Asker: 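My questions all concern the structure below.
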Amino acid sequence: MKQRAILLLVTAASVAASLSAQASGALPDGEGKKELQKVCGNCHPVEQVVASRRTAKGWDLSIEEMVARGAKGTDDELDKIAAYLTTNFGKLNVNTATGPEMEKALGLSEKEAQAILAYRERNGKIKDFEQLKKVPGVSAEKLQEKRGWIAFDR
Ligand code: HEC
């Protein structure tokens, strides 16, 4: 009896926590949000969908996988969902990104973005964040700030 009461309390607390995450804007407004809620909210909460960031390619693959699992949307809806997820929950692959993409997504200067391109050309693929931080001429602080946005493949 006592245990059950505790369980109920815990459940209530986690529901409250997820509601407050919603209220605090876990899902930013923007084109595609409506479609995401409609197409992707049936089998699992959309909060679970956006729990981790992905590259544009990663989101495309994930949407394809969900369609194979039974998600139903028009091409237009799926395109809007992909754009919404990439804009708000995106990641940038620093091994394939262009200079301007890195400037925009990671807040780097043109010079810093060019330094990463040059490093890539000389050394090949950047393996991980530790290696990225060692690229000469790039602010490690700026990279640290955007760490969650950075991907090394896909
Ligand atoms: C027909 C049911 C269904 C619909 C609709 C659906 N999903 Fe899923 N989704 C699943 C299932 C089942 C899982 C759990 C897969 C697993 O654990 O391997 C999942 C898991 C996920 C994950 C987590 C995968 C991971 O590896 O972490 C993401 C991201 C995701 N879905 C995105 C979406 C998106 C985006 C949409 C809308 C386009 C969507 N889902 C619509 C069934 C669905």
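Just so it is clear, the structure is predicted and the values come from calculations on it, not from any experiment. In each ligand, atom 1 is the first atom listed, and ligand 1 is the first ligand listed.
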Asker: With heavy-atom distances below 4.5 Å as the criterion, would you say the side chains of Tyr119 and Gln114 are in contact?
Answerer: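 The answer is no; the side chains never approach within 4.5 Å.
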Asker: What residues, two or more places apart in sequence or in another chain, satisfy side-chain hydrogen bond (donor to acceptor under 3.5 Å, both in side chains) together with Lys38?
Answerer: Glu77
Asker: Any chance you could lay out the side chain to side chain contact (heavy atoms under 4.5 Å, CB included) test for Thr86 and Lys91, step after step, and finish with the verdict?
Answerer: CA-CA 7 Å; Thr86 304; Lys91 263 194 183 185; over 6 Å; no
Asker: Quick one: ligand 1 N/O to protein N/O pairs below 3.5 Å?
Answerer:
from     : atom 1 : to    : atom 2 : distance (Å)
ligand 1 : 7 (N)  : His44 : NE2    : 2.8
ligand 1 : 9 (N)  : His44 : NE2    : 2.8
ligand 1 : 18 (O) : Arg69 : NH2    : 3.4
ligand 1 : 31 (N) : His44 : NE2    : 3.0
ligand 1 : 40 (N) : His44 : NE2    : 3.0

Asker: Do the side chains of Leu106 and Val94 get nearer than 4.5 Å, heavy atoms only?
Answerer: yes
Asker: Salt-bridge test for Lys104 and Glu101: reply yes if a basic N is under 4.0 Å from a carboxylate O, no otherwise.
Answerer: no
Asker: So do Val50 and Leu27 actually touch side chain to side chain, heavy atoms under 4.5 Å?
Answerer: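 Contact flag for Leu27/Val50 side chains = yes.
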